[in-house]
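Some notes on the structure that comes next.
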Amino acid sequence: MIEARHLRVLRAVASTGSFSAAGRELGCTQPAVSQQMKALESSVGTPLLVRTGREMRLTQAGEALVRHAAGIIAGLTAAEEEVAAIAGLRAGRVRLVSFPSGSSTLVPTALAALRAAHPGTRVSLEEAEPPNSVELLREGDCDVALAFRYEGAAGAEEWDDLVVRPLLTDRLVALVPEGHGLARTEGAVGIGELARESWIAGCPRCRGQLVEVCEGAGFSPRIDFATDDYPAVVGLVGAGLGVAVLPQLAVESVRPRGARTVTLEPAVRREIVALTLPDLAQVPAVTATLDELARAGARQSATR
């Protein structure tokens with residue numbers, strides 16, 4: 001019989017490449033890791049690891065088992081949490097991963113409300129951009145992932161295996177220096193009016209979207225600066241070093257000193273969602289987290 005603790009050890013060995021490193025990650029000794037791996041190989045009746053120099057390599061059977069391990073562990077976690085809730089244990093643990101502008105806008109409001117309503121629920125937060133955040137979810141390294149995708153972008157089916165909770169529709173806006181000729185524009189402007197400008201690009205996914213939108217308007221943007229840090233983008237624009245196109249949520253997460261936002265036409269939007277695995281969606285603590293994130297998204301939309 002395969003035991004969940006053995007699967008966790010196998011995943012640790014696969015990700016770290018050695019028994020000693022897996023032991024450090026799991027907080028146990030190298031002999032204990034070795035013993036549990038032997039027990040797992042005995043249970044399945046075939047080798048799962050092959051030593052190659054100083055590292056461990058998965059056999060074909062090991063690769064298959066690791067591939068299924070995340071779903072198995074997620075299912076067990078869901079069962080444990082739900083049983084505990086039914087038994088009257090008012091506690092829970094949720095591992096949340098979010099992209100930075102979500103972490104500074106939607107997440108604080110949601111977690112404050114969650115703590116007030118369910119003080120026994122513990123939530124941890126890490127940051128990662130999609131698609132990395134989605135991979136963390138599928139690999140069993142988080143319970144809820146905030147992600148986004150642009151309207152009309154390819155790969156709409158990439159979340160078909162996940163539970164998708166819509167939170168907010170976020171529009172792209174232009175960011176120009178205060179002294180720019182378009183800074184006082186009342187209505188929307190076409191992105192083609194910025195074709196001759198120097199550009200400051202954001203995160204890789206937003207950068208790709210920027211290039212796609214500009215090329216759709218008949219020009220390629222001259223990107224002089226690129227940074228994943230939204231305050232840095234705003235600071236560079238505010239210093240008069242160029243213009244940028246950012247999601248509105250990203251602009252709302254910082255104070256755009258020396259810069260002005262300008263509405264763009266045609267509108268380019270991204271859908272912001274919270275994702276989880278189907279089994280985890282049944283866990284009360286995860287459900288409560290999704291509910292509060294949805295409320296935070298609704299409040300954010302109402303203030304625009």
Side-chain angles (χ1 to χ4, degrees), residues 98-106 129-131 146-156 158 166-273 297-304:
S98 172
F99 54 92
S101 59
S103 298
S104 58
T105 52
L106 300 175
E129 295 277 358
L146 260 65
F148 60 84
R149 60 186 173 193
Y150 287 94
E151 290 181 347
E158 63 184 352
L167 303 182
L168 180 69
T169 298
D170 198 25
R171 181 169 177 160
L172 293 188
V173 295
L175 199 64
V176 301
E178 283 187 340
H180 193 279
L182 297 176
R184 308 293 174 180
T185 302
E186 294 292 335
V189 302
I191 197 169
E193 295 183 54
L194 301 170
R196 297 182 181 276
E197 303 285 346
S198 298
W199 286 84
I200 297 132
C203 74
R205 200 167 193 182
C206 296
R207 199 174 310 158
Q209 184 68 19
L210 166 66
V211 172
E212 185 176 320
V213 171
C214 291
E215 289 179 347
F219 72 98
S220 295
R222 190 182 81 242
I223 298 174
D224 290 343
F225 303 96
T227 173
D228 294 347
D229 185 64
Y230 288 131
V233 173
V234 173
L236 290 166
V237 173
L241 295 172
V243 300
V245 168
L246 291 178
Q248 189 172 349
L249 198 65
V251 177
E252 292 168 352
S253 69
V254 297
R255 182 176 294 178
R257 294 174 180 168
R260 295 271 183 161
T261 59
V262 178
T263 303
L264 289 175
E265 288 291 351
V268 180
R269 301 180 179 87
R270 64 176 185 170
E271 178 189 12
I272 296 175
V273 302
R299 283 191 288 269
Q300 191 79 24
S301 295
T303 61
R304 294 179 170 178

How far apart are the closest heavy atoms of V233 and A201, and which atoms are they? CG2-O, 4.1 Å
Would you compute the distance between atom CD of Q209 and atom CZ of R270 and round it to the nearest 0.5 angstrom? 10.0 Å
Rounded to the nearest 0.5 Å, what's the gap from CD on E178 to CZ on R260? Could you check? 5.5 Å
Could you tell me whether R257 atom CZ has more than 12 heavy atoms of other residues or ligands within 6.0 Å of it? no
Counting C-beta onward and ignoring hydrogens, is there a side-chain heavy-atom pair between R304 and L168 closer than 4.5 Å? yes
For residues L182 and L194, determine if any side-chain heavy atom of one lies less than 4.5 Å from a side-chain heavy atom of the other. yes
For F225 versus L236, what's the shortest heavy-atom pair and its separation? CB-CD1, 4.0 Å
Any heavy-atom pair between the side chains of L172 and L210 that's under 4.5 Å? no
To the nearest 0.5 angstrom, please state how far the CZ atom of R196 sits from the CZ atom of R222. 11.0 Å
For F219, which residues count as a side chain to side chain contact (heavy atoms under 4.5 Å, CB included) partner, sequence neighbours excluded? I191, A195, W199, C214, A217, P221
Do you know the tightest heavy-atom contact between S101 and A250? CB-CA, 3.7 Å
Those residues at least two apart in sequence (or on a different chain) that pass side chain to side chain contact (heavy atoms under 4.5 Å, CB included) with A188 are T263, E265
Report yes if some heavy atom in the side chain of E252 is under 4.5 Å from a heavy atom in the side chain of T303; otherwise report no. no
For a 4.5 angstrom cut-off between non-hydrogen side-chain atoms, does I200 reach V237? yes
